[in-house]
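To keep things clear, I will list the structure first and then write my remarks on it.
All residue numbers in this chain count up from 1 along the given sequence. As the structure is a prediction and not an experimental result, all values here were calculated from the model. Numbering of ligands and ligand atoms starts at 1, following listing order.
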Amino acid sequence: MNVERLTGVLGAQINDIDLNDLDKKQVEELHQQVCDHQVVVIPNQSFSPKEQTEFSHLLGPYSPVPFVEPISGYPEVIKVVKKESESEAFNFGGVWHSDFSFLEIPPAFTILHALDVPDIGGDTVWSSNVAAYEALDDTSKERFDTITCIHSASASYSPKQQSLHSGLSGMDIRTSNDAERNTEHPLVCTHPVTGNKSLFFNGTYVRGLKGGGINDSEDEVNLLMWLHNWTTHIRFTFRHRWSNGDVVIWDNRSTQHVAINDYPGRHRELNRTTVAGENPSN
Ligand code: SIN
């Protein structure tokens, strides 16, 4: 595979493959490239929802998708869509997050296929939680090793957010009180394939912290804010300008991402599948 790195931190592009026609060795290599580069762009792909589902299964089993209804007939595929007429105020995935990190077993990979993207705007940005960990000083690394993050979907999918989601008429998002459920994962996790340590943090789903000498809620809020600012610092990021046919595969275990909401009056539509990971551990 002809792999071209896109920054010195994360992101790579592979030009010469057809995701509908991979042999076993190519699948293994692609899997490794996604783990190593954290985000991989593969342009000029043609995927029906069925083909995207079949491709996802090559990387691993289906990862359940709470709150978002799949497209009709394809239970593993969700459509990420914002229509030209829809409010400029909200878009799906428009805050820094790792997909569904509040699950006991969050997805390892997300696969996004661009179907109809705006001529300008609508980029996605990823940050490397590995680079953010590696840039810490030793004292912070030791302290963060003792911290547990409390993840929940409450800020995004509790019923009081329903009206926001209902503004996206091309998506069927059903908020629920299940969003209040907490799940705990270590702040510092080790990647099961690369062995790299990372800060398994995102400011959207991490709602609390335990350990690490945190004394009170002021300490906790300050550290949450610090972790958000640190892990999303521009020097740890890679930004992708979409073209129709692009497939981007990313590793949620080592990255966060945000979909930029800067395309008022334009249509943006992509199909998404997710591949199960494992229980995050350090
Ligand atoms: C997502 O967060 O899964 C969507 C990202 C995007 O639309 O760019």
Selection from Glu269, Arg268, His240, His257 by shortest heavy-atom distance to atom 1 (C) of ligand 1: His257
How far is atom 3 (O) of ligand 1 from its nearest protein heavy atom, and which residue and atom name does that atom have? Arg272 NH1, 2.6 Å
So Val130 and Lys197, do their side chains get closer than 4.5 Å, heavy atoms only? no
Is Asp123 in contact with ligand 1, taking contact as a heavy-atom separation below 4.0 Å? no
Check: His191 side chain, Val193 main-chain N or O, donor-acceptor pair, under 3.5 Å: yes
Could you give all pairs that pass the ring-ring contact (aromatic ring centres under 6.0 Å, His included) test and reach residues 259-282, with sequence neighbours left out? none
Numbering the atoms of ligand 1 from 1, which are under 4.0 Å from a heavy atom of [X]?
| X | value |
| --- | --- |
| Thr124 | 6 (C), 8 (O) |
| Gly93 | 2 (O) |
| Val80 | 7 (O) |

So, applying side chain to side chain contact (heavy atoms under 4.5 Å, CB included) with Val275, which one of Ile111, Thr110, Asp251, Val34 is it? Ile111
Test Lys210 against Glu184 for salt bridge (Lys or Arg N to Asp or Glu O under 4.0 Å), laying out the working first. CA-CA 9 Å; Lys210 289 199 323 203; Glu184 297 187 0; 2.7 Å; yes
Within reach of ligand 1, part of Thr110 (heavy-atom separation under 4.0 Å): neither
Can you tell me which portion of Asn91 lies within the under-4.0 Å heavy-atom range of ligand 1? Options are side chain, backbone, both, or neither. neither
Give a yes or no on whether the ring-centroid distance for Phe201 and Trp230 is below 6.0 angstrom. no
